[in-house]
Amino acid sequence: MTEIKKEEEKSLNFIEEIVEEDLRAGRYKNILTRFPPEPNGYLHIGHAKSICLNFGLALKYGGKTNLRFDDTNPVTEDTEYVESIKEDIRWLGFEWAQELYASDYFDKLYQFAVALIKKGLAYVDDSSSEEIAAGKGTPTEPGRDSPYRSRSVDENLELFEAMRAGKYKDGEKVLRAKVDMASPNMQLRDPIMYRIKKAHHHRTGDAWCIYPMYDFAHGQSDSIENITHSICTLEFVSHRPLYDWFIEKLELFPSRQYEFARLNLNYTVMSKRKLLQLVNEKLVTGWDDPRMPTLSGLRRRGYTPESIRLFADKIGVQKRDNMIDVSLLEYCIREHLNRIAARRMVVFDPLKVIITNYTGEERVKSEDNPEDPGTTHRELPFSPELYIEREDFMEIPPKKFFRLSPGKMVRLKSAYIIQCDEVVKDADGRVTALKCSYIPGSKTGGENANMKVQATIHWVSIAHAITAELRLYDRLFKAEDPSREEGDFKDNINPDSLQVIGAAYAEPSLKKATFNERFQFMRKGYFCLDKDTSEDKMVFNRTVTLKDTWAKVQKA
RNA sequence: UGCCCGAUAGUAUAAUGGCAGUACAACUGAUUUUGGUUCAGUUUGUCGAGGUUCGAAUCCUCGUCGGGCAACCA
């Protein structure tokens with residue numbers, strides 16, 4: 001009940017306000033949104049913002065969302081991308097009403113173009129692209145009319161048909177809208193509607209050699225589908241008058257365009273061009289490299305759909321430029337993983353502990369998740385030879401060091417309290433082992449279980465441990481805003497963004513890990529199995545570290 | 001030097017002319033068999049100058065700053 005109340009009290013973003021007003025005024029019975037990716041790359045966290053907005057709006061107001069591929073440029077697009085995009089949207093947890101393609105409308109769009117020619121609102125231009133660019137003027141000076149601007153309707157009809165029939169080479173002619181070469185809005189200076197591209201299209205094959213431009217495809221596609229709210233990013237604001245112009249002149253369903261600010265994340269690049277460069281130049285292993293901000297990368301890294309939806313919800317929707325702190329994303333994934341991840345013990349950098357007063361072997365019980373009131377438990381083998389984390393011991397501890405040091409006691413998680421009696425070193429003075437004694441009865445439920453010690457550390461039994469490769473990730477870029485730095489953005493790549501631990505020692509229960517599971521390696525972070533796992537080697541990715549206040553204390 | 005969009009703590013985001021609030025981050029402290037979690041608390045803000053008004057983050061004017069627009073890309 002309080003949950004619902006909270007939901008009601010939450011304020012609306014500006015697009016929700018528009019939708020509610022439209023619904024209240026009875027402009028639409030139901031809303032219809034669309035997510036319109038171009039299938040020329042993989043989806044990233046920025047797209048997730050748009051997906052959550054478009055699908056979330058429809059869900060909230062009882063409408064629907066179409067998935068429409070904006071496939072009007074055959075040279076950059078491919079079905080490989082279509083498939084990955086569909087997979088990513090489904091993974092995020094959304095279902096589209098219809099799967100559509102701008103290329104579904106090529107015939108219709110051609111008819112629309114003919115209609116505009118007949119109205120004297122479009123013309124074939126023989127100018128070269130350089131001439132057209134020169135004729136556009138600049139933002140501060142008006143453009144000049146093309147010499148072909150006043151061709152007759154009949155001539156335009158004939159030429160456009162010839163364009164379609166393949167009589168001209170690429171670049172020889174274009175179809176332009178006749179709007180206003182002197183408009184202060186550059187988008188309105190007779191924008192190109194169609195260009196010649198003798199290229200194979202991933203869906204229409206070689207049926208067409210002319211392809212509509214974005215501006216002549218997007219709004220019309222929206223109209224054909226009866227999209228009520230066409231939501232895009234801010235760089236299209238200046239296109240809106242053109243969007244409306246085509247719809248008005250063609251007398252189509254009046255879809256309306258609304259713009260919001262795209263997501264920027266610090267220490268991250270988000271442009272498709274730059275991400276493609278990282279992949280092509282092998283600076284990452286692929287689109288799904290766990291350091292990439294792509295949805296496939298985040299998925300492989302161990303991010304959950306819930307965490308990304310939470311993130312999208314928390315960042316909100318506005319029109320001002322923003323730079324979101326990655327720590328918010330990290331908060332969102334920790335928030336989810338803390339609730340669902342099974343706790344396991346894994347030693348990254350082993351230091352041998354010999355418990356001199358313990359013989360034999362036993363199994364100790366440990367809860368899988370203390371956050372879960374109905375948590376299950378597992379049994380861990382305990383024996384006199386253990387590994388603990390090397391960083392959990394210091395021969396000469398600084399003031400605030402709570403862990404093991406000579407003469408000090410710590411608890412071994414879910415097992416006994418031990419005391420360090422002796423430090424074993426090799427010839428170089430490096431600590432090779434610790435001789436400790438355990439406190440009998442200090443195990444959970446024992447008579448000495450309530451003894452206070454300053455720390456509880458994780459451990460594994462050497463005889464029972466299994467090994468696994470661990471991949472630890474850090475931010476891919478050193479600079480907060482890599483694309484804003486001087487020079488090449490790639491100069492700001494963090495050389496330490498990947499750290500591989502070839503063989504960490506894990507409790508044996510991890511042998512049964514599956515790809516869907518999420519784990520918290522206690523005191524070390526959240527992990528999931530990587531697809532590189534094979535019969536003879538398990539590989540885990542660190543999704544995110546735990547919050548580490550000790551690390552902060554150390555730095556200070 | 002044209003047109004358009006925008007400006008609220010470090011970062012985001014509310015307050016729709018009436019007490020500037022929330023989250024993340026940061027910092028205290030409590031709890032804790034994870035230096036995790038949880039809980040309590042602290043610090044930090046309306047871009048500037050005028051105007052309208054009993055009252056302005058909100059409306060108006062002028063600035064300032066940031067962003068977008070001159071692809072046969074989307």
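So you know, we letter chains A, B, ... as the sequences are listed, proteins then strands, and number each from 1. Nothing here was measured: the structure is a model prediction, and the numbers come from that model. For the numbers below, each heavy atom of this structure counts, side chains included, while hydrogens, waters and symmetry mates do not.
For the P atoms, the distance from B/rG10 to B/rU1 is 35 Å, rounded to whole Å. Here, B/rU37 and B/rA30 have their C1' atoms 14 Å apart, quoted to the whole Å. Going from the P atom of B/rG29 to that of B/rA15 covers 37 Å, rounded to whole Å. Taking atom P in both B/rU58 and B/rC19, one finds a spacing of 13 Å when rounded to whole Å. B/rC24 and B/rG36 have their P atoms separated by 15 Å, with the value rounded to a whole Å. Comparing B/rU11 with B/rC47, their P atoms sit 13 Å apart, to the nearest whole Å. Atom name C1', nucleotides B/rA20 and B/rA56: the rounded distance is 12 Å, in whole Å. Distance check on atom C1': B/rU46 versus B/rA57 gives 5 Å, rounded to whole Å.
A/T444 comes within 4.0 angstrom of a base, heavy atoms only. In this structure, A/L234 reaches neither bases nor backbone, as no heavy-atom distance under 4.0 Å exists between it and the strands shown. Residue-level contact check: A/V174 touches the bases, meaning some heavy atom is under 4.0 Å from a base atom. Within the 4.0 angstrom heavy-atom criterion, only backbone atoms of the sugar-phosphate kind lie near A/T72; the bases stay farther away. Looking at heavy-atom distances under 4.0 Å, A/K413 makes contact with a base. Using a 4.0 Å heavy-atom distance criterion, A/D548 is classed as a sugar-phosphate-only contact. Residue-level contact check: A/R403 touches the bases, meaning some heavy atom is under 4.0 Å from a base atom. Residue contacts for A/S327: at a heavy-atom cut-off of 4.0 Å it reaches the sugar-phosphate backbone alone, with no base atom in range. Residue A/M522 is in base contact, counting any heavy-atom pair closer than 4.0 Å across all strands shown. Residue contacts shown for A/P370 include a base, since a base heavy atom lies under 4.0 Å away. Contact annotation for A/T545: no contact, since no heavy-atom pair falls under 4.0 Å across all strands. Counting non-hydrogen atoms under 4.0 angstrom, A/D70 reaches the backbone sugars and phosphates but no base. The residue A/K400 sits close to a base: some heavy atom pair falls under 4.0 Å. Using a 4.0 Å heavy-atom distance criterion, A/K169 is classed as making no nucleic acid contact.
The CH2 atom of A/W550 sits 11 Å away from the P atom of B/rG35 (whole-angstrom rounding). Between the P atom of B/rU46 and the CD atom of A/Q318 lies a distance of 19 Å, rounded to the nearest Å. Straight-line distance from the CG atom of A/D325 to the P atom of B/rG10: 13 Å, rounded to whole Å. Rounded to whole angstrom, the span from the CD1 atom of A/I418 across to the P atom of B/rU33 amounts to 17 Å. One atom, CD of A/E367, and another, P of B/rG36, lie 17 Å apart when rounded to the nearest Å. Straight-line distance from the CG atom of A/D313 to the C1' atom of B/rU22: 13 Å, rounded to whole Å. The CZ atom of A/R262 sits 11 Å away from the P atom of B/rG68 (whole-angstrom rounding). Atom pair A/H239:NE2 and B/rC3:C1' shows a separation of 13 Å (rounding to whole Å applied).
For A/K314, no side-chain nitrogen or oxygen approaches OP1 or OP2 of B/rU11 to under 4.0 Å. For B/rG35, one of the phosphate oxygens OP1 or OP2 lies less than 4.0 angstrom from a side-chain nitrogen or oxygen of A/R523. For A/Y331 and B/rC24, the shortest distance from a side-chain N or O to OP1 or OP2 is below 4.0 Å. Phosphate contact (OP1/OP2 of B/rC73, side-chain N/O of A/R195, threshold under 4.0 Å): present. Residue A/T549 has a polar side-chain atom (N or O) positioned under 4.0 Å from OP1 or OP2 of B/rG36. A close approach under 4.0 Å does occur between a side-chain nitrogen or oxygen of A/K552 and OP1 or OP2 of B/rC27. For B/rG67, one of the phosphate oxygens OP1 or OP2 lies less than 4.0 angstrom from a side-chain nitrogen or oxygen of A/R484.
Mapping A/R240 and A/P139 onto RNA chain B via the closest heavy atom, the residue that lands nearer the 5' end is A/P139. Mapped onto RNA chain B by nearest heavy atom, A/R320 and A/F236 fall at different nucleotides, with A/R320 at the one closer to the 5' end.
The six-membered or imidazole ring of A/F236 lies away from that of A/Y243, with a centre-to-centre distance of 6.0 Å or more. Ring centroid separation for the pair A/F246 and A/F112 does not come in under the 6.0 Å cut-off.
Each of B/rA12, B/rC3, B/rC73 was ranked by its minimum atom distance to the side chain of A/K197; first place goes to B/rC73. The side chain of A/E371 lies closest to B/rU37, out of B/rU13, B/rU37, B/rG68. Taking only side-chain atoms of A/E38, from C-beta outward, the nucleotide of B/rC73, B/rA12, B/rC5 with the closest atom is B/rC73. Across B/rC72, B/rU33, B/rG36, the shortest atom-to-atom separation from the side chain of A/R411 is found for B/rU33. Which of B/rA14, B/rG35, B/rG6 sits closest to the side chain of A/S11 comes down to B/rA14.
Aromatic ring orientation, A/Y387 versus A/Y505: tilted (interplanar angle from 30° to 60°). Aromatic ring pairs are classed by plane angle as parallel below 30°, tilted from 30° to 60° and perpendicular above 60°; the pair A/H47 and A/F35 is perpendicular. Classified by interplanar angle (parallel below 30°, tilted 30° to 60°, perpendicular above 60°), the ring pair A/H218/A/Y214 is tilted. The aromatic rings of A/Y211 and A/H201 lie parallel to each other, their planes meeting at an angle below 30°, with 60° marking the opposite boundary.
Ionic pairing of A/D104 and A/R68 is not present here: no N-O contact between side-chain nitrogen and carboxylate oxygen is shorter than 4.0 angstrom.
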Salt bridge (charged side-chain N to carboxylate O under 4.0 Å, His left out), that's the test. Do A/E389 and A/R523 meet it? Break it down for me.
CA-CA 10 Å; A/E389 208 68 66; A/R523 307 205 299 135; over 6 Å; no
Given side-chain contact (heavy atoms from CB on, under 4.5 Å), test A/N448 with A/I417 step by step and report yes or no.
CA-CA 9 Å; A/N448 293 321; A/I417 292 170; over 6 Å; no
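Heavy-atom neighbours of A/R363 CZ from other residues, nucleotides or ligands within 6.0 Å: above the threshold of 12. Within 6.0 Å of atom CZ in A/R149, more than 12 heavy atoms from other residues, nucleotides or ligands are found, so the atom counts as buried in its surroundings.
None of A/R411, A/K413, A/R403, A/K408 except one satisfies the salt bridge (charged side-chain N to carboxylate O under 4.0 Å, His left out) rule with A/D392; the exception is A/R403.
In secondary-structure terms, RNA chain B builds stems of at least 3 consecutive Watson-Crick or G-U pairs, each pair having both distances under 3.5 Å, at B:2-7 with B:64-69, B:10-13 with B:21-24, B:26-30 with B:38-42, B:47-51 with B:59-63.
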